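Have a look at the structure below before the remarks.
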2 protein chains.
Amino acid sequence: MKDEELKARARIMKALASPVRLKIVDELSRGERCMCELQPMFPMNKSTLSRHLTELKNVGIVGERRDGARCFLRLLTPCVLSMFDCTMGVIRAEARRQTKLVSGGKATET
Amino acid sequence: MKDEELKARARIMKALASPVRLKIVDELSRGERCMCELQPMFPMNKSTLSRHLTELKNVGIVGERRDGARCFLRLLTPCVLSMFDCTMGVIRAEARRQTKLVSGGKATET
DNA sequence: CAACTCTATCGCATTGTTGCGCAACTATGC
DNA sequence: GCATAGTTGCGCAACAATGCGATAGAGTTG
């Protein structure tokens with residue numbers, strides 16, 4: 001796999017490697033929102049939130065539509081939601097592994 | 001969505017938010033490998049490579065099988081490969097958007 | 001079994017990157 | 001003019017990536 005491609009992918013993953021940004025994506029998956037709607041959901045300075053949005057816009061996951069003073073955000077690539085499913089898969093698999101360890105399974109024990 | 005869940009997901013995304021680790025995953029998708037096989041592919045100190053592997057192991061994406069002094073790595077959750085497809089989707093969508101901008105499309109122009 | 005090699009990991013120091021709030025700024029609408 | 005919506009510059013603290021050297025097991029050979 002090409003080096004450039006790896007970097008491009010890493011950039012996208014990085015944009016999603018934050019609870020805050022994941023929450024934004026999750027919220028936008030339910031429809032268009034403007035900053036002012038998002039702000040109450042995030043206990044942080046609006047400048048910080050704006051920067052998170054910028055990061056998502058930079059990699060092309062989120063797009064904006066300006067309407068007067070407002071700036072409506074929406075998900076441009078809903079396929080990122082399928083990534084969520086996968087992360088759940090990883091989490092569940094890991095949980096199973098932990099369980100096995102506790103209940104005396106064979107996985108990698110000391 | 002729960003806060004803990006968001007954090008767990010972000011952890012997984014973060015583990016994949018690095019060209020090096022993406023390359024490792026890509027390589028492991030073609031089969032089990034030992035550190036000594038991976039090393040020649042990565043122009044970095046072996047301790048650094050080891051750390052990247054540790055990170056992938058920590059989130060449960062990669063597992064290890066020890067055989068004597070060697071340590072064979074393998075992909076535990078192949079679904080991460082489907083994430084790759086999605087990143088490609090995002091990259092392509094972004095490329096299309098750029099093209100539109102150049103060719104005089106309507107998207108977000110100044 | 002002692003000495004040695006080979007494989008992988010750990011501790012530490014250095015360097016670069018990220019997340020954050022604050023305050024200042026721009027732009028829109030009343 | 002003044003409130004509302006959002007972005008930008010700055011500095012700080014926390015975190016991540018890296019190399020180097022030391023260390024810990026496994027296997028090998030005398």
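Proteins come first, then strands; the chains are lettered A, B, ... in the order of their sequence lines, and each starts at number 1. Bear in mind the structure is a predicted one, so any value in this text is a computation, not a measurement.
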### Residue of the set B:Arg70, B:Arg74, B:Arg65 for which salt bridge (Lys or Arg N to Asp or Glu O under 4.0 Å) holds with B:Glu32
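With B:Glu32 as partner, salt bridge (Lys or Arg N to Asp or Glu O under 4.0 Å) holds for just one option, B:Arg65.
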
### Query
Rounded to the Å, how far apart are A:Met44 CE and C:dT18 P?
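Interatomic distance, CE of A:Met44 to P of C:dT18: 17 Å.
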
### Task
Run through A:Leu76, A:Leu28, A:Val80 and flag the one making a side chain to side chain contact (heavy atoms under 4.5 Å, CB included) with A:Ile61.
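Per the side chain to side chain contact (heavy atoms under 4.5 Å, CB included) rule, the option paired with A:Ile61 is A:Val80, out of A:Leu76, A:Leu28, A:Val80.
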
### Task
Determine, stepwise, if the pair B:Thr77 / A:Glu94 fulfils side-chain contact (heavy atoms from CB on, under 4.5 Å).
CA-CA 9 Å; B:Thr77 48; A:Glu94 182 63 5; over 6 Å; no

### Query
Measuring from A:Asp85:CG to B:Ser82:OG, what's the distance to the nearest 0.5 Å?
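One gets 8.5 Å once the value is rounded to the nearest 0.5 Å.
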
#### Entry: Sub-4.0 Å heavy-atom contacts from residues 2-28 of chain B onto DNA chain C, ordered by number
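Going residue by residue through residues 2-28 of chain B, none turns out to have a heavy atom under 4.0 Å of DNA chain C.
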
### Task
Please indicate whether A:Arg33 has more than 12 foreign heavy atoms, meaning atoms of other residues, nucleotides or ligands, lying under 6.0 Å from its CZ.
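Result for CZ/A:Arg33: enclosed.
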
### Message
If we check side chain to side chain donor-acceptor pair (under 3.5 Å) with A:Glu5, which of these qualifies: A:Arg9, A:Lys7, A:Lys2?
### Response
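One option only clears the test, and that one is A:Arg9.
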
### Message
So B:Ser47 and B:Arg51, do their side chains get closer than 4.5 Å, heavy atoms only?
### Response
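When only atoms from C-beta onward are counted, B:Ser47 and B:Arg51 do touch, with a gap below 4.5 Å.
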
Compile the donor-acceptor pairs under 3.5 Å between side chains in residues 10-24 of chain B and protein atoms, sequence neighbours left out, one pair per line.
unit_1	atom_1	unit_2	atom_2	d
B:Ser18	OG	B:Val20	N	3.2
B:Ser18	OG	B:Arg21	N	3.2
B:Arg21	NE	B:Ala15	O	2.5
B:Arg21	NH1	B:His52	ND1	3.0
B:Arg21	NH1	B:Glu55	OE1	3.2
B:Arg21	NH2	B:Lys14	O	3.2
B:Lys23	NZ	B:Met41	O	3.2

### Task
Could you run through nucleotides 2-11 of chain D and give me one letter per nucleotide, 5' to 3': B if any protein heavy atom sits under 4.0 Å from the base, S if only the sugar-phosphate is that close, - if neither?
---SBBBBB-

### Under 4.0 angstrom between B:His52 side-chain N/O and D:dA16 OP1 or OP2
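Negative; the distance criterion is not met.
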
